[in-house]
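By convention in this document, chain letters (A, B, ...) are assigned in the order of the sequence lines, proteins followed by strands, and residues within each chain are numbered from 1.
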2 protein chains.
Amino acid sequence: MSKKKDKNTEVQILEAAKTVFQSKGMDGARMQEIADTAGINKAMLHYYFRSKQLLFEAVFKNAFSLLAPQLNAILNDDSSLSVKITNFTVDYNTFMLKHPYLPNFIIQELNRNENFIEKLKETTGFPTLDKFRLKVNEEITKGRIIPIDADQLFVNILALNIFPFIGKPLIKAFANQDEKSYKTFVDQRKTAVVDFIINSIKKH
Amino acid sequence: MSKKKDKNTEVQILEAAKTVFQSKGMDGARMQEIADTAGINKAMLHYYFRSKQLLFEAVFKNAFSLLAPQLNAILNDDSSLSVKITNFTVDYNTFMLKHPYLPNFIIQELNRNENFIEKLKETTGFPTLDKFRLKVNEEITKGRIIPIDADQLFVNILALNIFPFIGKPLIKAFANQDEKSYKTFVDQRKTAVVDFIINSIKKH
DNA sequence: ATAAGGTTTAACCAGTTGGTTAACAAATAT
DNA sequence: ATATTTGTTAACCAACTGGTTAAACCTTAT
C-alpha cells in the first residue's frame, strides 16, 4: 500500500515551522497552524521538540546556518577585495530572491531577543572579521584602494545587500513599484551595488 | 489635594503603547502591560481607542510621521546633492540614536502587514521621489556626478543609514562590539557614510 | 444641591493558546 | 506469538487575552 511513506515526521515539522515562523514571527506563530501546515497532530510538535521555544530555536539556527557560509566566503577566502564584493553581492542577491522571508526573520528575532546571538556565537563557523580587516588594510597599504575603516566597509556591504529585502514595503511605496518592478529593481542591484561599492573605494 | 492632575489620559496611553509596541511588536504586546505602563485600568485603553488594532495604528502613524519629514527634506529641498546627503545622514543618525527602536518597529510592522503602507500613502506628506530623480539626472547631465540610477542611489542612501540600527545585534556580534563601542561605531558613520556615498558618485 | 455628562474601576467573559494525557496503533525485539 | 518500545491521535486543561459591563466617581452646568 503506497501509504505515502512520508518523509521523517521531524523534517515535516521543521519545514512547516519554518514557513509559519518566518512569515508570522515567534509571537505571531501558532502551534496549531504549524501542525496543520505539516498535516499532523499538534501533540507531535511537543513530542519531537518539547516546546514552542525549542522548535523556534531549531528553525532559527537552521535559517542562520544558511547565511553564515556566504558571509564566511567573503570574509575568509583569498581572492581580491573586488572579487569578494562581486561574488558576495551576486550570490547573496540570488539566494535571497529564493528565500525572501529569511533576512527579515533573522533580523527581527535577533532584535526581539538580544542574548539570542550569544548562543549563535558559540556555534562553529560563526563569521569573524579578522581576515577581512587584514585584507582591507593590506590593499590600503599597497595603495589599491583609498583609506577606509574595514568594519565600516563591511557594514556598508551588508547594508547595501540586505536592506532592499528587509525594506521591501518601503521601497515599493517610495518608488511606486509593483511586485514585478520591485523584482527587476532588486535584480539590477546585483551589478549596481558592486559598481557603487567598487567606485567608492577605488583610487582614481 | 495635589492629585497629580495628570497629563491627558489619552496621551499617557499613547506613550505607554509606544513603549510597549515598539519593543514587543504588535503580536508580542499585551494590553495589560500597556495599561500597567500607563498606570491606569485596562478598560481605559478600550474607552479611548476601542481596540488593540486601532491603538496600534495610532502609535504606528505617529512613529511614521516622525520619519517622513526627514525624508522629504532630502527629497524635496533645493540644495545640492552632496548637501542633501550630508544633511540627511547627520540628521537621521542623530535622530535615531535618540529613538533606537523606531526603525526596527516600522520595518517590522510594514513587513507583517503588507497593505498597511497603502493607508500611509494616502497621508499628506508621504515622500515621493519625483524631485529627487530630477535633481540626480540634472547633476548627471551637467557632468557633476557619474551616471547612476536615481532610485538605486536613493535606496543606497537609505540602506547605509537605516541598516546599522536594524542590524545592531548582527553588527555587534560580527565586530565584537559592546554597547559603548557600537555607539562609537554608529557615531563615526555620520561622516563615514557621507564620504562613502559622495566618493562613489563623484567624478574624479 | 443636584442632575447630567464624561471618566475610571473591579469584576467578569468567551475564545484562544501552549501544553498534557491516556488510550491506541505500528514497528521492533524477544 | 507476544511483550516492549516508538509514534500518533483526540480530548482535555489551566492560563492567558482582548474586550465588556455595571456600578462608582468626578466635574460642571443648572
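- In this structure, A/His46 places its NE2 atom 15 Å from C1' of D/dT9, rounding to the nearest Å.
- A/Arg50 places its CZ atom 12 Å from the C1' atom of C/dG19, with the value rounded to the nearest Å.
- Here D/dG18 is the nucleotide among D/dG18, C/dG18, C/dT20 with the atom lying nearest to any side-chain atom of B/Arg30.
- Nearest nucleotide to the B/Ser51 side chain, out of D/dT8, D/dG19, C/dG19: D/dG19.
- The residue from B/Phe165, B/Phe60, B/Phe64 that alone fulfils the ring pair (Phe, Tyr, Trp, His ring centres under 6.0 Å) condition with B/Phe105 is B/Phe60.
- Atom-to-atom, CG of A/Asp27 to P of D/dC16 comes out at 16 Å; the value is rounded to the nearest Å.
- Rounded to whole angstrom, the span from the CZ atom of B/Phe56 across to the P atom of D/dT17 amounts to 18 Å.
- Summarising the geometry, the separation between CD on B/Gln32 and P on C/dA10 is reported as 11 Å, rounded to the nearest angstrom.
- Contact annotation for B/Ala29: backbone-only contact, meaning every heavy-atom pair under 4.0 Å involves sugar-phosphate atoms and none involves a base.
- With C/dT8, D/dT8, D/dT9 as the candidates, the nucleotide lying closest to the side chain of B/Tyr48 is C/dT8.
- Looking only at side-chain heavy atoms (C-beta outward), B/Phe196 and A/Leu160 come within less than 4.5 Å of each other.
- Checked against B/Asp78 for a side-chain hydrogen bond (donor to acceptor under 3.5 Å, both in side chains), the options B/Lys131, B/Lys135, B/Lys84 give a single hit: B/Lys131.
- If you check every strand for non-hydrogen atoms under 4.0 Å, A/Met44 touches a base.
- Counting all heavy atoms, side chain and backbone alike, A/Ile117 lies closest to B/Ala173 at CD1-CB, 3.5 Å.
- Checked against D/dA10, C/dG18, C/dT9, the side chain of A/Asn41 finds its nearest nucleotide in D/dA10.
- Between the C1' atom of D/dT21 and the OH atom of B/Tyr47 lies a distance of 14 Å, rounded to the nearest Å.
- Atoms CD1 (B/Ile40) and P (C/dG6) sit 19 Å apart, rounded to a whole Å.
- Set against C/dT8, D/dT21, C/dG18, the side chain of B/Ala43 has D/dT21 as its closest nucleotide.
- Nucleic acid contact for B/Phe49: none, since no nucleic acid atom lies under 4.0 Å from a heavy atom of the residue.
- The shortest distance between the side-chain N/O atoms of B/Thr9 and the OP1/OP2 oxygens of C/dT7 is not below 4.0 Å.
- Atom pair B/Lys42:NZ and D/dT20:C1' shows a separation of 9 Å (rounding to whole Å applied).
- Considering only heavy atoms from C-beta on, B/Glu57 comes within 4.5 Å of B/Leu54 through its side chain.
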